[in-house]
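Each chain gets a letter, A, B and so on, in the order the sequences are listed, and its residues count up from 1.
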Protein chains: 2
Amino acid sequence: MENKRPTIKDIAKIAGVSHTTVYRALNNKPRISKETRKRILGIANRLKYQPNVLARGLIIKKTKTLGLIITTIRNPFYSELAQVIEETARNLGYSLILGCTNYDLNIEREHINILKGKGVDGIIFTSAHVKDPNLEELKKEEFPFVLLNRRCTGCSELSKIPQVLIDNEMGGFLAVEHLIRIGHTRIGIIAGSEESSVTLERIEGAKKAFKHYGLFFDDSLITKGNFLMPSGKIGLKDLMDSSSPPTAIFALNDYMAIGVMEEAHNLGLRVPEDLAVVGFNNIEFASFYNVSLTTIGQKKKEMGEEATKILVNMVEGKTEKSGIKKFTPNLIIRNSCGYSLKGYKLKKI
Amino acid sequence: MENKRPTIKDIAKIAGVSHTTVYRALNNKPRISKETRKRILGIANRLKYQPNVLARGLIIKKTKTLGLIITTIRNPFYSELAQVIEETARNLGYSLILGCTNYDLNIEREHINILKGKGVDGIIFTSAHVKDPNLEELKKEEFPFVLLNRRCTGCSELSKIPQVLIDNEMGGFLAVEHLIRIGHTRIGIIAGSEESSVTLERIEGAKKAFKHYGLFFDDSLITKGNFLMPSGKIGLKDLMDSSSPPTAIFALNDYMAIGVMEEAHNLGLRVPEDLAVVGFNNIEFASFYNVSLTTIGQKKKEMGEEATKILVNMVEGKTEKSGIKKFTPNLIIRNSCGYSLKGYKLKKI
DNA sequence: CCATTTTGCGTTAACGTTAACACTACAAAA
DNA sequence: TTTTGTAGTGTTAACGTTAACGCAAAATGG
């Protein structure tokens with residue numbers, strides 16, 4: 001039984017023409033008569049011909065495959081992003097190779113090498129380190145990639161890389177402003193990994209909010225996390241152990257915010273009565289009534305689409321070699337800050 | 001500036017040997033002297049040589065790439081699975097192309113064709129349709145694939161396909177048994193998509209529990225869902241609209257169970273006081289105190305690993321061409337059924 | 001010490017495409 | 001009629017590997 005998939009040459013043999021003629025028929029190239037084309041396409045259909053992307057890729061150096069590098073797909077923020085990226089990529093004719101790094105630059109590097117070896121046309125990098133030698137190298141090689149929800153301030157050259165992001169600083173500002181306006185002054189911050197641009201910018205925004213409202217910003221109220229759920233727990237514990245603990249928490253993403261709420265429960269703290277919590281990202285679970293997390297929303301769908309489209313454009317040589325697309329975040333008020341409870345009211349500004 | 005990645009021939013030129021010699025050096029083949037090998041490896045390292053997987057794949061028909069077909073990565077159950085699959089695949093030297101189908105057999109088919117065109121070595125299919133012509137065809141072509149958390153009872157041939165699953169029937173039994181033992185007799189079921197083997201088996205288990213405890217099983221208490229969160233909402237609404245609504249719900253996965261809890265809240269029903277809810281899968285969020293969903297746990301990590309390893313073994317020709325690996329589910333009791341509340345107590349059996 | 005094997009290379013041809021270029025026949029232009 | 005153009009086709013060589021085979025020189029063995 002012949003299980004081998006048919007090749008151009010197989011079709012050529014059947015049609016009694018040269019493989020080049022078949023190629024012309026299949027790829028809508030000129031210099032072939034209507035009749036032969038039709039005949040060949042008929043045979044190809046019958047045999048269910050599918051081009052061999054490997055062989056093609058070897059020559060045209062394109063594989064219709066993109067890489068997606070994320071930290072961990074377990075974080076719902078990334079799985080939601082991955083979903084729209086896969087979908088838009090597919091609609092544009094591309095497949096997606098998924099690579100998780102666990103925030104490890106060495107694994108990232110490994111992924112990059114493998115992806116290049118497999119001839120991917122471009123890579124989407126999502127949030128991680130600000131300073132990343134891997135990216136600098138890629139940039140030097142003029143390998144196409146875009147940064148999604150991730151900045152690269154560390155490296156001058158990289159400012160020219162296409163970046164799709166939200167205004168994290170504004171997001172941080174909005175989050176803390178909300179807490180201040182409902183009456184909090186001691187606000188703890190659960191940071192993300194400190195090498196991440198996202199962390200830096202959101203904290204920067206938080207500081208601006210403090211300043212704007214004439215409040216003192218206490219550095220000791222920042223505790224280091226890593227964007228994963230457990231670090232929210234640890235972070236809260238640390239903060240509550242201090243001599244004058246915060247009355248509100250700004251967790252730099254929802255995943256950690258949920259950890260905060262978990263630990264609050266363990267510590268016997270009620271949310272929002274004893275502790276207000278605000279997150280960032282508006283993952284699907286944040287909206288559930290029994291989570292009901294006040295958070296900062298961002299247009300994940302639009303951002304994922306945008307990043308994918310930009311990358312595909314680069315790959316296909318359709319302009320847009322650089323530029324920053326910045327989206328605007330918005331505050332989504334739910335119950336975790338008690339905004340809707342009596343006893344709290346919004347300060348006039 | 002030469003940005004092109006170095007090839008075997010480039011190295012050969014520098015080393016002053018033939019490309020075959022370089023090949024032998026790089027791939028630990030015999031028939032080469034220790035010194036030349038060392039010299040060549042030195043050059044290769046210096047040039048940061050990375051083999052071109054496309055060219056290699058063209059000949060050896062292996063690409064060190066696997067396909068992972070899932071319905072949607074947004075469902076945390078699948079993102080948790082994807083995480084471990086990516087990780088084990090990477091550790092075994094494989095990359096993963098991710099394909100989401102949205103439960104659409106045509107999209108699945110499209111994915112399969114593309115994956116084959118890209119020369120993936122094998123594919124992991126996760127839960128979807130029982131009867132799937134795509135799989136029958138793959139089987140006929142002897143293309144390597146494994147079924148993860150998915151059965152293919154529809155097609156006789158496919159019983160020989162490696163399958164990694166949990167005992168869904170037992171899981172369904174455990175879930176309903178629990179509800180019965182804490183006193184419920186009218187138990188609504190939110191089914192998954194009806195073409196799914198998972199749905200059928202879990203319902204089968206539920207029915208057995210009814211029978212085992214001498215209870216009448218009311219078919220009208222099954223409502224059709226699709227494993228997505230919103231269908232949990234709709235399902236509950238439908239069930240509660242009936243003339244004699246259930247006092248407990250068995251949602252066939254956690255994602256829908258959360259939808260059920262959402263809708264219960266909207267309908268003014270307290271969980272677990274007015275409505276007990278049990279799910280299936282034990283996704284991470286189920287464990288959070290403010291969700292606290294009683295559910296059926298399965299060894300996702302082990303199953304993902306197992307499926308990946310089996311597939312890699314098949315691909316690499318290391319036996320294990322068929323066989324079913326069945327894992328045992330376990331009941332995880334949290335608060336959504338009120339087991340821990342006074343007023344409820346466990347019936348003796 | 002000669003026959004045989006082994007070692008250390010090189011040559012050449014695949015793999016399934018794409019692409020440069022060559023050729024023929026026939027039509028249009030000169 | 002000769003030239004020029006071009007539609008339709010074929011030949012051949014890439015792409016970067018793997019792999020079959022060939023062939024000296026060195027090593028082994030009886």
_Upstream residue (5' side of DNA chain C) when K34(B) and A55(B) are each assigned their closest nucleotide_ =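 Mapping each residue to its closest nucleotide by heavy atoms, the 5'-most match is K34(B).
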Please tell me which of the listed nucleotides, [options], lies nearest to the side chain of [X]?
| X | options | result |
| --- | --- | --- |
| N52(A) | dT11(C), dT17(C), dT18(D) | dT17(C) |
| T20(A) | dA19(D), dT11(D), dG16(D) | dT11(D) |
| V17(B) | dT17(D), dG10(C), dG16(D) | dG10(C) |
| I59(B) | dT17(D), dT9(D), dG10(C) | dT17(D) |
| S33(B) | dG8(C), dT17(C), dA19(D) | dG8(C) |
| L58(A) | dC15(C), dC15(D), dT9(D) | dC15(D) |

Nearest-Å distance, [atom1] ([X]) to [atom2] ([N])?
| X | N | atom1 | atom2 | value |
| --- | --- | --- | --- | --- |
| K116(B) | dG16(C) | NZ | C1' | 17 Å |
| R31(A) | dA20(C) | CZ | P | 13 Å |
| R56(A) | dA19(C) | CZ | P | 10 Å |
| I32(B) | dC9(C) | CD1 | P | 6 Å |
| K62(A) | dC15(D) | NZ | C1' | 15 Å |
| Y23(B) | dG8(C) | OH | C1' | 16 Å |
| E35(B) | dA26(D) | CD | C1' | 14 Å |
| L54(A) | dT18(D) | CG | P | 13 Å |

Taking only side-chain N and O atoms of [X], does any of them lie within less than 4.0 angstrom of OP1 or OP2 on [N]?
| X | N | value |
| --- | --- | --- |
| K61(B) | dG16(C) | yes |
| Y49(B) | dG16(D) | no |
| S18(B) | dG10(C) | yes |

*Test side-chain contact (heavy atoms from CB on, under 4.5 Å) applied to S95(A) and T65(B), V120(B), I97(B), the passing residue*: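 The option that passes is I97(B).
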*Given that H19(B) and T21(A) both sit by DNA chain D, which one's nearest nucleotide is further toward the 5' end?*
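Going by which nucleotide is closer to the 5' end, it is T21(A).
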*If you measure from the Lys or Arg side-chain nitrogens to the Asp or Glu carboxylate oxygens, is any gap between E80(B) and K301(B) under 4.0 Å?*
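No, E80(B) and K301(B) are not salt-bridged.
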*Any ion pair linking K299(B) and E306(B) (charged N to carboxylate O, less than 4.0 Å)?*
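Salt bridge flag = no for K299(B) with E306(B).
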*Any side-chain donor near an acceptor of the partner, T36(A) and S33(A), under 3.5 Å*: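 The criterion, which ignores hydrogens and geometry beyond distance, is satisfied for S33(A) and T36(A).
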*Does one side chain, of Q50(A) or N113(B), offer a donor that lies under 3.5 Å from an acceptor on the other?*
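Per modelled atom types, Q50(A) and N113(B) side chains form no pair under 3.5 Å.
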*Is a donor-acceptor contact shorter than 3.5 angstrom present between the side chain of R24(B) and the base of dG10(C)?*
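Counting by modelled atom types and ignoring angles, a donor-acceptor contact under 3.5 Å is found here.
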*asked:* Heavy atoms only, 4.0 Å cut-off, all strands: where does V53(B) land among base, sugar-phosphate and nothing?
replied: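 Nothing, no heavy atom under 4.0 Å.
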*Contact class for K9(A) (heavy atom, under 4.0 Å): base, sugar-phosphate, or nothing?*
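Here K9(A) touches the bases of the nucleic acid.
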*Between Y103(A) and F227(A), what is the ring plane arrangement, given parallel below 30°, perpendicular above 60°, and tilted in between?*
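Geometry flag for F227(A) against Y103(A): parallel rings.
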